[in-house]
There are 2 protein chains.
Amino acid sequence: MTCVTEELSRINKRLSAQGYKLTPQRDATLRVLLENEKEHLSAEEVFMLVRQQSPKIGIATVYRVLELFSELHIVEKMNFGDGVARYDLRSEEHEHMHHHLICRECGEVREIMEDWLSLLEKRLETEYGFTVTDHRLDFYGSFRDCTNNNCKHNCKAVS
Amino acid sequence: MTCVTEELSRINKRLSAQGYKLTPQRDATLRVLLENEKEHLSAEEVFMLVRQQSPKIGIATVYRVLELFSELHIVEKMNFGDGVARYDLRSEEHEHMHHHLICRECGEVREIMEDWLSLLEKRLETEYGFTVTDHRLDFYGSFRDCTNNNCKHNCKAVS
DNA sequence: ATTCATGCAAACGGTTTGCAGTATA
DNA sequence: TATACTGCAAACCGTTTGCATGAAT
């Protein structure tokens, strides 16, 4: 876990290496994502947070920035079935250990950082002739200690 | 794998047990799903197929039928990130062995019918206090024998 | 000066909803 | 005839796009 400025300059290098600039809007979006690394924010949520710091930004810009970051594999665009795309900063160590526990009671999304798929992906390669470039592993259910009342997140069940 | 009429009457029982009727529209939708069990149809696609047999049906009805079936766990509603919900008949044996290989070249979605998650779900229960009621495991990548030209499906990459 | 990026508002597309009409028990 | 269900069209809402303005080489 590196510090924010360090991470920012790393990503800045990646942007300019591909001919893109780190504009104030992109910088602000990036900071919001860095400060909420565990949150799986929607575009709307990113927009509201970025606007606190850059009040003039439009939501179209947020969408364009997130789309660009997604193409450059800076963020991962994902979908938990609740009708909105969610975005997550993508760090290297996430590669094979980026799984989700999604609580049906309160909607919380917790991350699992164990490598559970490398072996399976090797089998897919040899037995199915399928080369994996990405994956998703999500579990839906409920936490034993979640009673839908004592959750840190607002209690809106993921459909 | 039971025959269509048998499957239909089984589901009919489940419907009436919960106070719902097997209307002609629901029957037609069900038949389309049964006849395309491996296809992961979208609501639009179901609509077009159902209409061949019941030309007067409206798309709102299809959505309502699919939503109902989804609530009753007759179909599974899923999302591959291409902007449309897709629906799949859900049979018992699918429970722990319903995984997808999604080809980025041609968009084909192949199913894997091996049990890869039971063990992991037991660990989630004991180590994380999380009770799994459902899951999804999708692999994105490419088939060795897929060159984007010789695919049975129309070659539109899943985003 | 040219190129890339932004903000605004309108368009888009999949999905849902209100409501009046229809079928079924 | 009471209740559930359907078809139509309009509304909805997250996302994308066209276009004129603005920033930065």
Side-chain angles (χ1 to χ4, degrees), chain A residues 11-12 14-30 32 40-72 74-87 156 158-159, chain B residues 11-12 14-30 32 40-72 74-87 156 158-159:
Chain A
I11 294 173
N12 189 5
R14 269 166 78 188
L15 281 175
S16 46
Q18 312 237 17
Y20 300 103
K21 307 167 202 164
L22 185 62
T23 65
Q25 292 87 342
R26 288 176 184 166
D27 182 87
T29 306
L30 217 34
V32 163
H40 306 92
L41 299 174
S42 67
E44 188 85 31
E45 289 165 344
V46 172
F47 174 57
M48 306 235 276
L49 289 167
V50 171
R51 204 163 45 166
Q52 292 174 8
Q53 185 189 334
S54 307
K56 306 195 66 185
I57 198 171
I59 196 161
T61 302
V62 171
Y63 273 105
R64 282 187 283 233
V65 169
L66 290 172
E67 188 57 33
L68 174 66
F69 287 178
S70 182
E71 276 165 24
L72 299 179
I74 292 167
V75 303
E76 188 179 354
K77 183 178 182 178
M78 60 191 91
N79 201 308
F80 295 119
D82 60 348
V84 294
R86 298 187 173 274
Y87 301 84
K156 211 174 55 181
V158 171
S159 86
Chain B
I11 295 174
N12 189 5
R14 269 166 78 189
L15 280 175
S16 46
Q18 312 239 13
Y20 300 103
K21 306 170 203 164
L22 186 62
T23 64
Q25 291 88 341
R26 290 177 184 165
D27 182 86
T29 305
L30 217 34
V32 162
H40 305 94
L41 299 174
S42 67
E44 189 85 31
E45 289 164 345
V46 172
F47 173 58
M48 306 235 279
L49 289 167
V50 171
R51 206 164 41 167
Q52 293 175 9
Q53 186 188 332
S54 307
K56 307 196 66 185
I57 198 170
I59 196 162
T61 301
V62 172
Y63 273 105
R64 282 187 282 232
V65 169
L66 290 173
E67 188 58 32
L68 173 66
F69 286 179
S70 183
E71 277 163 25
L72 299 180
I74 292 167
V75 303
E76 188 178 354
K77 183 179 182 178
M78 59 191 94
N79 201 309
F80 295 120
D82 60 347
V84 294
R86 297 186 174 276
Y87 301 84
K156 209 174 54 179
V158 171
S159 86

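Lettering of chains follows the sequences in order, A, B, ..., and the numbering in each one begins at 1.
Rounding to whole angstrom units, CG of residue Leu15(B) and P of dT24(C) are separated by 16 Å. Atom-to-atom, CZ of Phe47(A) to P of dT6(C) comes out at 14 Å; the value is rounded to the nearest Å. Taking atom CD of Glu71(B) as the reference point, atom P of dT16(C) lies 11 Å away to the nearest angstrom. Summarising the geometry, the separation between CG on Leu68(A) and P on dA5(C) is reported as 8 Å, rounded to the nearest angstrom. If you measure from atom NZ of Lys77(B) to atom P of dG14(C), you get 14 Å, rounded to the nearest angstrom. Distance CE (Met48(B)) to P (dG14(C)): 11 Å, rounded to an integer number of Å.
One finds the CD1 atom of Ile74(B) at 5.5 Å from the CD1 atom of Ile11(B) (value rounded to the nearest 0.5 Å). Here the CG atom belonging to Leu22(B) is positioned 6.0 Å from the CG atom belonging to Leu15(B), to the nearest 0.5 angstrom. Ser16(B) contributes atom OG, which lies 11.5 Å from atom NZ of Lys21(B) (distance to the nearest 0.5 angstrom). The distance from atom CZ of Arg64(B) to atom CG of Leu68(B), rounded to the nearest 0.5 Å, is 11.5 Å. Note that OH of Tyr20(B) and CZ of Arg26(B) are 8.0 Å apart. Values are rounded to the nearest 0.5 Å.
DNA chain C is contacted by both Glu44(B) and Lys21(B); Glu44(B) maps to the nucleotide lying nearer its 5′ end (nearest heavy atom per residue).
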What donor-acceptor contacts under 3.5 angstrom involve side-chain atoms of residues 40-56 of chain A, with partners at least two apart or in another chain?
{"unit_1": "His40(A)", "atom_1": "NE2", "unit_2": "His100(A)", "atom_2": "NE2", "d": "3.0"}
{"unit_1": "His40(A)", "atom_1": "NE2", "unit_2": "Glu111(A)", "atom_2": "OE2", "d": "3.0"}
{"unit_1": "Ser42(A)", "atom_1": "OG", "unit_2": "Glu45(A)", "atom_2": "N", "d": "3.2"}
{"unit_1": "Ser42(A)", "atom_1": "OG", "unit_2": "Glu45(A)", "atom_2": "OE1", "d": "3.4"}
{"unit_1": "Glu45(A)", "atom_1": "OE1", "unit_2": "Ser42(A)", "atom_2": "N", "d": "2.8"}
{"unit_1": "Glu45(A)", "atom_1": "OE1", "unit_2": "Arg86(A)", "atom_2": "NH1", "d": "3.3"}

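Using a 4.0 Å cutoff to heavy atoms of chain A, the contacted part of DNA chain D runs 5' to 3' from dG14(D) to dG18(D).
Between dG7(C) and Gln25(A), a contact under 4.0 Å exists linking OP1 or OP2 to a side-chain N or O. Of the side-chain N and O atoms in Thr23(A), one or more sit less than 4.0 angstrom from OP1 or OP2 of dT6(C).
The two residues Leu72(A) and Arg14(A) have their closest heavy-atom pair at O-NH2, 3.1 Å. The heavy-atom pair separating Leu66(A) from Val75(A) by the smallest distance is O-CG2, 3.9 Å.
Residues from residues 51-64 of chain B with heavy atoms under 4.0 angstrom of DNA chain C, sorted by number: Ala60(B), Tyr63(B), Arg64(B).
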